[in-house]
There are 2 protein chains.
Amino acid sequence: MRSASDLTARARIRDAALARFGTDGIAGTSVRAVAADAGVSPALVVHHFGSKEGLRQACDDYVLDSIRSGGEASVEALDEILQAATPVRRYLARALLDDTPAAGALFAEIVERTEAWLATGEEEGWVRASADARARAVTYVSWLLAPLVLGDQVGRLLGGDPAETATAVRGARAGLEMLTHGLFADDRWLKAFTDINERTRP
Amino acid sequence: MRSASDLTARARIRDAALARFGTDGIAGTSVRAVAADAGVSPALVVHHFGSKEGLRQACDDYVLDSIRSGGEASVEALDEILQAATPVRRYLARALLDDTPAAGALFAEIVERTEAWLATGEEEGWVRASADARARAVTYVSWLLAPLVLGDQVGRLLGGDPAETATAVRGARAGLEMLTHGLFADDRWLKAFTDINERTRP
DNA sequence: ACAAGAACTGAACATGTGTTTAGTGTTTTG
DNA sequence: CAAAACACTAAACACATGTTCAGTTCTTGT
């Protein structure tokens, strides 16, 4: 791990922005604050990135690339993402909520890959059949991302530091359990839900 | 449904703030914008709520109360929340991410109720046993909340309007399927995950 | 060694921000 | 009905914001 001082100023600014944007939100972060964190003048920020918006896009590119290069969309990927540097996690959560074009594209991409991956599993017999493969993929991905977006809340209730991997692992294991054996022992809720919908929309 | 004009100015300001805060974030929303949406002067906003922070707290209270009064934390509650007015949904998502004290309390409360509900189910035999009841409850709740927080992303990929209930229902059904029958047909992933963890932390 | 260019800064500018103040109508109340 | 309380506004204030500009220091290729 490299210390802050032996990074180029440009990288230092980007990292500072990533962290600030992640914690305080993009609108809640001033160029001056980023500059101060990086130990440079506000003018240098705009010199390197053109504008605050340019800085945000640079963060987008950096985060998305580092996730994309992370490998296949699979259960292992879950583990990787959860263990990724927390500033990146926080930033990604903000980007997804703020509905950045880049974040939207990433989400769509992950869903696409996941749907294909689940289809393979279905063929090979280790994934159950589904009535709506698309909806399942979307829901599954949003479940993967949920503890990431709700990191603070989940972490607090699962003890200790949300940044601590042990905490994330605990949640991930519980999730895998549900996905493997199911949560409900019979289909009473599924039936009830289907019934309600059929009654509402005949 | 009541039109905007026959609400008191105070309520109109609160509603406008709810919507603005939800879409643009709290830091990204100016008192002037809220005032303009509500058709009042900026000074009236602070007259009624003391400050921008006071306005945010009023939104917190309003949203949380309307959710709390919604009934039991159960699968039916999922449906209710998903069908709730979208401005409220968006605001709640922001509040959870911004880690408002009130939002954190709500999350903890929902988890508490859910854990108790799952424990009842375990006793009555319609919920499977779990190695870590707490972690399961937390994960389950974050899964319920996931499509709410990631509403824009999920909605776009599931077709049409994210506000449309049909879209949300489609995702909810897919989720219930996974929770009932499980997603994976065998425990290869669960085993793999457990193995990795045991190897990492002996 | 020198010139060209990049990295970098301090001060300033224009604008948007949350909030205050003084004041005007409009209810409510004794 | 007068007075007190309330709803409400226009104008202004102090400050924070994103960005620009002129200038300085540092690096680098020749």
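Numbers restart at 1 for each chain; the letters A, B, ... are given by sequence-line order, proteins then strands.
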Q: Any salt bridge linking A/Asp132 with B/Arg170? Criterion: basic side-chain nitrogen under 4.0 Å from a carboxylate oxygen.
A: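 Yes, charged N to carboxylate O under 4.0 Å.
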Q: Do the side chains of A/Val111 and A/Tyr140 get nearer than 4.5 Å, heavy atoms only?
A: no
Q: If we ignore angles and hydrogens, is there a donor and acceptor under 3.5 Å between the side chains of A/Arg90 and A/Thr23?
A: no
Q: Do the side chains of B/Arg156 and B/Asp152 get close enough for a salt bridge, i.e. N-O under 4.0 angstrom?
A: no
Q: Rounded to whole Å, how long is the line connecting atom CZ of A/Phe49 with atom P of C/dA6?
A: 17 Å
Q: Is A/Glu115 paired with A/Arg134 through a side-chain N to carboxylate O contact shorter than 4.0 Å?
A: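 Between A/Glu115 and A/Arg134 there is a salt bridge, with a charged N closer than 4.0 Å to a carboxylate O.
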Q: Mark up nucleotides 8-14 of chain C, 5' to 3', with B wherever a protein heavy atom is under 4.0 angstrom from a base atom, S wherever such an atom reaches only the sugar-phosphate, and - elsewhere.
A: BBB-B--
Q: Rounded to the nearest angstrom, tell me the gap between atom CD in B/Glu53 and atom C1' in C/dG18.
A: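 Answer to the nearest Å: 13 Å.
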Q: Within residues 16-30 of chain A, find the residues that approach DNA chain C with a heavy atom at under 4.0 Å, and present them sorted by residue number.
A: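 The answer is none.
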Q: Hey, does B/Ile110 have a side-chain heavy atom less than 4.5 Å from the side chain of B/Leu144?
A: no
Q: Report the distance from atom CG of B/Leu55 to atom P of C/dG18, rounded to the nearest whole Å.
A: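 Computing the B/Leu55:CG to C/dG18:P distance gives 10 Å.
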Q: Do B/Gln153 and A/Leu96 have side-chain heavy atoms sitting under 4.5 Å apart?
A: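 Heavy-atom side-chain distance check passes, below 4.5 Å.
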Q: Between A/Leu190 and B/His181, which heavy-atom pair has the shortest distance, and what is it?
A: CD2-NE2, 3.7 Å
